[in-house]
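A short worksheet on the structure shown next.
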Amino acid sequence: MATLSTSNEPFLTRIKESEDDKFMQKSVAKAQDAQWEKRPASRKELGHWEDWRNLGEQIRHHVIKYLPDYLEEFSDNVEKRGGHVFFAQTDKEAVDYIKKIAQQKKAHKIVKSKSMVTTEINLDKELLKLPDTSVLETDLAEFILEEDNWDEPTHIVFPTLHKNRDQIQKIFQKLGYKGSNEPGEMAKFARHYLRQSFLEADLGITGCNFAIADQGMINLVTNEGNADLTMAIPDTQVVVMGMERIVPSLKEAEVMDNMLSRSAVGQKLTSYCTFAGPQTADESDGPKDFYVVILDNGRSKALGTDFEPALQCIRCGSCLNVCPVYRHIGGHGYGSIYPGPIGAVLSPILGGYEKFKDLPFACSLNAACTDTCPVKIPLHKLLIKHREVMMDKMKLDHSFNNVLLKGAGVATAAPIVFNIALKGAYLGSAPLAKKSQTSVDNFFNFGHIEWAPSLAKGWTDVRSLPRPAKSSENFRSWYKKHQAAKEAQVKEEHNNG
């Protein structure tokens, strides 16, 4: 069963395709710039944002530390309310259980609300294998992707960021739409199209932003209200959640909802913040049959390791909105349903290094992601840790680069060899060097290199590499002269004193 991965193409091929998609790059840049203004403004209104971050980190860290206890408490309380809980170790176990529910309930029309974890387990396409069964994504963006031959999302919060209104108009025309490309008109068409599906649905499937341990309820945070209809109308609801998506009580849920909304879309509070469970005797709507599938699927591998903080993630997408790498390659370049910095950390944990070994290196380590994370996940440090594991423990790099780096390590550890290299670097680089007039854009006093082999090629493909300085004018020579002059000055002042 295919999970996590969104492409079988090599990493560099995906990057090239992303570089060629200029509309996507402009859309991502525009979204990042807009969030740059909205997110800090909404956080400032809340006040004492760093204190909120500390509190958010404490809540998530505490839950992960006592995860088995809170999962047991939540499961017990769901069952006390008349619901059912299933713990799935793998994606296959989760999918098989949900398919079994659909067959038992004779559910042929299934509606879903936006859920990253159901995408992770490839649930939609697996359900479509059931005879005479339809599955409809009801989140507007996910609905567009589904109707566009199950295109992959490019962002955790804004899945269709890579599409323009003309593309969406053509997608809707396949469904009978005859209107313009005006967003409001297309949204009305989608609303009318989806509303009938809600009324006819046999089974509703949702994700879960936070599960409330002491209440046995789930918390959903949405912008469209489609999740409320997915829960309220069908008689049967299935909730799929990652095992880490839990909080002790409503008090902590309120804190996390505030932080999620302000970090994800720069709002004070999202449009719909819902707490739900099985229909009670005094309620007129809601599911009569309520099932919760709690998924591991590799998450437990992070427990008790250096990567445990990754499980604190609340899927706000804030790290994507400040990442310069994501700005250039978008979501599809990562080849995982979890893109951006959190995806680069999480994907190797869940899917393994063999499939996602390139992602920890798709980072400049500028730490903007760590600075913006509302629950203070040290994302850039975890990416470094991934690199250490792959290079030092697993020895995954078998390329010539590995040989060169080992050689550089030996050379720099030997002063004689290192000094020889410093003296020969200027002359040795002469065949590759070019000299340009020094300007604001070019401070390369000794010229620059536009093409270099092997390790330096990745640099020279996108920028100029400064030519090494002459031995007599490099930093070590300058420092030696500077230090000597400083000591002479001190000696002179001492003698004069």
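We use all heavy atoms of the structure for the numbers below, so side chains are in, but hydrogens, waters and symmetry mates are not.
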Original post:
Do Leu136 and Leu194 come within less than 4.5 Å of each other through their side chains, counting heavy atoms only?
Top reply: yes

**OP:** Please step through side chain to side chain contact (heavy atoms under 4.5 Å, CB included) for the pair Tyr177 and Glu185, ending with a clear verdict.
**Re:** CA-CA 10 Å; Tyr177 178 65; Glu185 188 176 0; 3.3 Å; yes

**OP:** For residues Cys208 and Val239, report the shortest heavy-atom separation together with the two atoms involved.
**Re:** CB-CG1, 3.8 Å

Subject >> 4.5 Å side-chain heavy-atom contact, Ile171 and Lys163 >> reply: yes

**OP:** For Gln32 and Leu320, work out which heavy atoms get closest and say how close.
**Re:** NE2-O, 2.8 Å

Original post:
Thr118 and Lys112: side-chain donor and acceptor closer than 3.5 Å?
Top reply: yes

**OP:** Answer yes when Arg14 and Glu17 have at least one side-chain N-carboxylate O distance shorter than 4.0 Å, and no when they do not.
**Re:** no

Subject >> Qualifying residues under side chain to side chain donor-acceptor pair (under 3.5 Å), relative to Arg53, sequence neighbours excluded >> reply: Glu50

Original post:
Is a salt bridge present between Lys170 and Asp148, judged by a nitrogen-to-oxygen distance below 4.0 Å?
Top reply: no

Subject >> Any pair counted as ring-ring contact (aromatic ring centres under 6.0 Å, His included), so long as it reaches residues 333-380, sequence neighbours left out >> reply: Tyr353-His386

Original post:
Checking Ser477 side chain against Ser471 main chain: does a donor-acceptor pair fall under 3.5 Å?
Top reply: yes

**OP:** Would you check if there is a donor-acceptor pair between the side chains of Ser263 and Arg43 at a distance under 3.5 Å?
**Re:** yes

**OP:** Name all residues meeting the salt bridge (charged side-chain N to carboxylate O under 4.0 Å, His left out) criterion together with Arg299; count only those two or more places apart in sequence or in a different chain, and write none if there are none.
**Re:** Glu120, Glu244

Original post:
Would you say the side chain of Leu46 lies within less than 4.5 Å of the side chain of Asn258, judging by non-hydrogen atoms?
Top reply: yes

**OP:** Just jot down the ring pair (Phe, Tyr, Trp, His ring centres under 6.0 Å) partners of His162, sequence neighbours excluded, or say none.
**Re:** His332

**OP:** Tell me, please, which residues at least two apart from Trp478 pass ring pair (Phe, Tyr, Trp, His ring centres under 6.0 Å).
**Re:** Phe475, His482

Original post:
Which residues pass the ring pair (Phe, Tyr, Trp, His ring centres under 6.0 Å) test with Tyr326, sequence neighbours left out?
Top reply: His155

Original post:
Do Phe198 and Thr138 have side chains that get closer than 4.5 Å, going by heavy atoms?
Top reply: yes

Original post:
Nearest heavy-atom pair of Val117 and Gly242: which atoms, and what distance?
Top reply: CG2-N, 4.1 Å

Subject >> Test side chain to side chain donor-acceptor pair (under 3.5 Å) applied to Asn8 - qualifying residues, sequence neighbours left out >> reply: none

**OP:** Say whether Ser429 and Arg467, considering side chains only, have a donor N or O and an acceptor N or O under 3.5 Å apart.
**Re:** yes

Original post:
Quick one: salt bridge (charged side-chain N to carboxylate O under 4.0 Å, His left out) partners of Arg387, sequence neighbours excluded?
Top reply: none

**OP:** State whether a side-chain donor-acceptor pair under 3.5 Å links Asn321 with Ser318.
**Re:** no

Subject >> With His62 via ring pair (Phe, Tyr, Trp, His ring centres under 6.0 Å) - residues at least two apart >> reply: Tyr66, Tyr70

Original post:
Tell me, do Pro339 and Thr154 make a side-chain contact under 4.5 Å, heavy atoms counted?
Top reply: no

**OP:** Answer yes or no: is there a side-chain heavy-atom contact under 4.5 Å between Ile110 and Ile205?
**Re:** yes

Original post:
side-chain hydrogen bond (donor to acceptor under 3.5 Å, both in side chains): which pairs involve residues 19-31, sequence neighbours left out?
Top reply: Lys16-Asp20

Original post:
Under 3.5 Å, is there a donor-acceptor pair between the Asn226 and Asp139 side chains?
Top reply: no

Just distance, no hydrogens or angles: give the donor-acceptor pairs under 3.5 Å from side chains in residues 418-428, sequence neighbours left out.
residue	atom	partner	partner atom	Å
Asn419	ND2	Pro415	O	3.1

**OP:** Could you verify whether a donor N or O on one side chain and an acceptor N or O on the other, from Ser261 and Gln267, lie under 3.5 Å apart?
**Re:** no

Subject >> Electrostatic pair Asp33-Arg327, nearest N-O below 4.0 angstrom >> reply: yes

**OP:** On the 0 to 90° scale, with breaks at 30° and 60°, tag the Tyr193-Phe143 ring pair as parallel, tilted or perpendicular.
**Re:** tilted

Original post:
With Glu45, which residues qualify under salt bridge (charged side-chain N to carboxylate O under 4.0 Å, His left out), at least two apart?
Top reply: Lys268

**OP:** May I ask you to say whether Glu126 pairs ionically with Lys129, meaning some side-chain N is under 4.0 Å from a carboxylate O?
**Re:** yes

Original post:
Are any non-hydrogen side-chain atoms of Glu252 and Leu55 less than 4.5 angstrom apart?
Top reply: no

**OP:** Please check if any side-chain donor atom of Thr274 sits under 3.5 Å from a side-chain acceptor atom of Asp228, or the reverse.
**Re:** yes

Original post:
Just checking, any donor-acceptor pair under 3.5 angstrom between side chains of Gln89 and Asp296?
Top reply: yes

Original post:
Under 3.5 Å, side chain of Asn219 to main-chain N/O of Asn209, donor-acceptor pair present?
Top reply: no

Original post:
Taking C-beta and beyond as the side chain, do Lys114 and Glu137 meet within less than 4.5 Å on heavy atoms?
Top reply: no

